[in-house]
2 protein chains.
Amino acid sequence: MVTMQQVADKAKVSISTVSFVVNNTKPVTPETRERVLQVIEELGYRRNRMARALASRKSHILALIYPMLDHRNHHAFIESAATAAEEHGYNLVLWPLHSDNVSTEITSLIEAGFADGVLLMEVQLDDERVAHLQQAAAPFALIGRTRELSGIDYVDIDFERTVATVIEDFAKLGHRDITLVLEDLGGTPLAGYAPPVRTEEAFRDAIAERGLNGAVIRISHDPDAVAGVADTLLVQAPATTAIVSQHDAASLALLSALPRRGIDVPRDMSIATIATATSLAALTQPPLTTYVGPGHELGRAAAEALIARLEGRNGPATQVLVACRCHPGASVAPPRATPDAR
Amino acid sequence: MVTMQQVADKAKVSISTVSFVVNNTKPVTPETRERVLQVIEELGYRRNRMARALASRKSHILALIYPMLDHRNHHAFIESAATAAEEHGYNLVLWPLHSDNVSTEITSLIEAGFADGVLLMEVQLDDERVAHLQQAAAPFALIGRTRELSGIDYVDIDFERTVATVIEDFAKLGHRDITLVLEDLGGTPLAGYAPPVRTEEAFRDAIAERGLNGAVIRISHDPDAVAGVADTLLVQAPATTAIVSQHDAASLALLSALPRRGIDVPRDMSIATIATATSLAALTQPPLTTYVGPGHELGRAAAEALIARLEGRNGPATQVLVACRCHPGASVAPPRATPDAR
DNA sequence: TTGTATGCGTTATCAA
DNA sequence: TTGATAACGCATACAA
């Protein structure tokens, strides 16, 4: 490993001068700068990140506290967070957090001087991890939102706007009987997971505002429950002509079960899904109309919010909401026979 | 931040003694050890990772060089690699690699003292990244395999055994006309991606060995190509009674298109998929019979192989192949009318 | 068994 | 504009 000292010697300057040119931290005459750069090039010098971290008390590492769950798609988020971090000279470490030692693990990360800040995913409405971070005065940003948000940097999906848009799109087509299908997370570690809660609230608001008829169906991840979603729908909300689903398995089950009951999608029943992976939508027949989750935008925004905080930009908290974008498929159409459709 | 020196002072020992108990690196009398541990507890001391890394010349960080691709599911692998690393006192950093600066980026990682070793995913048959790593004498392990493997630590899916098992399972049911559906990656950045190549070879071998009739269909990711997979199949291999698919989109397309042509799955056509995400299999109707990729095992094995290398266990290279495990669904059955089925 | 002292490769402070 | 030099927090060879 080539050290700064070696560069300094060969360039016949002091080690500090090398540091100045490497970090652009003090003015250096063009000639010496050039000479130093040349030697750096020749020797293939790269500054040692650990030494740098030790001396500057900044690791330039962001930890992504990251849930050990299988069933969601975090790819986009993680990928973009890592890329954004790298662009700003930071690095993203995956920090698998095991539920038993949350309290210590999470702060030791910072206290041990390993990471400068923390990115937290899959935030619950009341999340003890957030409490720990605040208490430890650790810089952090959330992907998702807790209930209490004052002064907290976060980025999240704008469920309100997303659902409102879906309902609006449905309403424009003439739908008046709309059902929301949600994951039922009761009894799972994700029981306090916010998205279904916010979606349901937004759904009720949007329905009420337009004077439509809305129903909500909660389906667990039990295979039988998923397989029975069409029956559940037809029993609990028989008038439904359009479905908003935030439950991927249920969406697919509907797509295959409805036609068997003589209900064609989209002719007799429209289906739109929220915050699904793009990959899934393209695979179905008909292709699902999807309101795609803004994983990439959120990953980048979260990393940048955290970095801004770390670099001392002490503005107001970054609080970003991004709505899902409609990715049209072929699972949505006007209702078959609506007397009051325009 | 509490330092070792502070602990030493309060415990009235020297800083080295503290180091000895913290690292278990030299014998210490039970009493002083106890005293030191007590002070550590009181003060909430944690050793600083950066200082430790600098002094010991070991960062205890593994970099996961990781492809910026959307369409595969790496969750299981990344998750398990991160967990395994953590269990051994290492950490996993995501290192987004952009194709332009592969050569330098990859070695600077090690030379800059940032990571101790590298984990490489999505390995091509001839992968320049591997060449760079070897040349830089950087410790690494592959998930996947290059063509040349001597002395290289790697873990990979055992395509040979997996395909052989699928064919065997099909043959036992009486199928004699089997078609392999693959991704056509020609023209994409993944053109040299090994799995399809190995799968095809294994397929031809297995078919030949049993004297069966085999066909191979390559489908690109173009939506039209995917949508037309059923037609392609019926034209190119009309006798087919069983399909092995390593193309998720095509699998789903088949599942929905075949019934429309009066071909019931699994009564008239069996479908099994290879190395698919478990999550997908459960969502289809009928549920897909899947030979599930061993992502978790591979992630762990790769991390542990690399760590073993780093810690100086200079044995022969770790070369692990794990076959996919059959996850039965309801998309496989005996062929409808085979005169020679027993 | 414990302590002293040096070095790891930078950054940063202070002089020159 | 440059150069000494003292941290940074810990590991470790060597001494006691």
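Just so it is clear: chains get the letters A, B, ... in the order the sequence lines come, proteins before strands, and each one is counted from 1. All values below come from the heavy atoms of this structure, side chains included, with hydrogens, waters and symmetry mates left out. This one's a predicted model, so the numbers in the text were calculated from it and none came from an experiment.
- Within residues 7-20 of chain A, the residues having any heavy atom under 4.0 Å from DNA chain C are, by residue number, A/Ile15, A/Ser16, A/Ser19.
- Ring planes of B/Tyr90 and B/His60: parallel class, angle under 30° (limits at 30 and 60°).
- Contact check, B/Arg52 against D/dA11: a side-chain N or O comes under 4.0 Å of OP1 or OP2.
- Between B/Arg47 and the phosphate of D/dC10, there is no side-chain N or O to OP1/OP2 separation shorter than 4.0 Å.
- Both A/Thr32 and B/Ala51 lie near DNA chain D, and the one whose nearest nucleotide falls closer to the 5' end is A/Thr32.
- In this structure, A/Arg49 reaches neither bases nor backbone, as no heavy-atom distance under 4.0 Å exists between it and the strands shown.
- Salt-bridge formation is not detected for the pair B/Asp116/B/Lys58: no Lys NZ or Arg NE/NH1/NH2 atom is positioned less than 4.0 Å from an Asp or Glu carboxylate oxygen.
- Atom pair A/Leu43:CG and C/dG9:P shows a separation of 14 Å (rounding to whole Å applied).
- When each of A/Lys26 and B/Leu54 is assigned the nucleotide of DNA chain C with its nearest heavy atom, B/Leu54 is the one assigned upstream, toward the 5' end.
- Nearest to the side chain of A/Ala55, among D/dC10, C/dG3, D/dC8, sits D/dC8.
- What separates CE of A/Met50 from C1' of C/dG7 is a distance of 18 Å, to the nearest Å.
- Atom pair B/Gln5:CD and C/dT4:P shows a separation of 10 Å (rounding to whole Å applied).
- B/Gln319 places a side-chain N or O within 3.5 Å of a backbone atom of B/Ile152 that can act as its donor or acceptor partner.
- When rounded to the nearest whole Å, the span between CZ of B/Arg57 and P of C/dG7 equals 12 Å.
- When the side-chain nitrogen and oxygen atoms of B/Asn48 are compared with OP1 and OP2 of D/dC8, none of them lie within a distance under 4.0 Å.
- Summarising the geometry, the separation between NZ on A/Lys58 and P on C/dT10 is reported as 19 Å, rounded to the nearest angstrom.
- Between B/Trp95 atom CH2 and A/Leu92 atom CG the span is 11.5 Å, to the nearest 0.5 Å.
- For the pair B/His60 NE2 and D/dA11 C1', the interatomic distance rounds to 12 Å; values are reported in whole Å.
- Put simply, CG on A/Asn24 is 15 Å from C1' on D/dT1, counting in whole angstrom units.
- When rounded to the nearest whole Å, the span between CZ of A/Arg35 and C1' of D/dT1 equals 13 Å.
- Distance check, rounded to the nearest 0.5 Å: CZ of B/Arg129 to CZ of B/Phe140 gives 11.0 Å.
- Under a 3.5 Å cut-off, the side chain of A/Arg147 and the backbone N or O of A/Asp126 do not form any donor-acceptor pair.
- Using a 4.0 Å heavy-atom distance criterion, A/Thr25 is classed as making no nucleic acid contact.
- At a threshold of 4.0 angstrom between heavy atoms, the contacts of A/Arg46 are confined to the sugar-phosphate backbone, with no base atom among them.
- In this structure, B/Glu148 contributes its side chain and B/Ser150 its backbone to a donor-acceptor pair below 3.5 Å.
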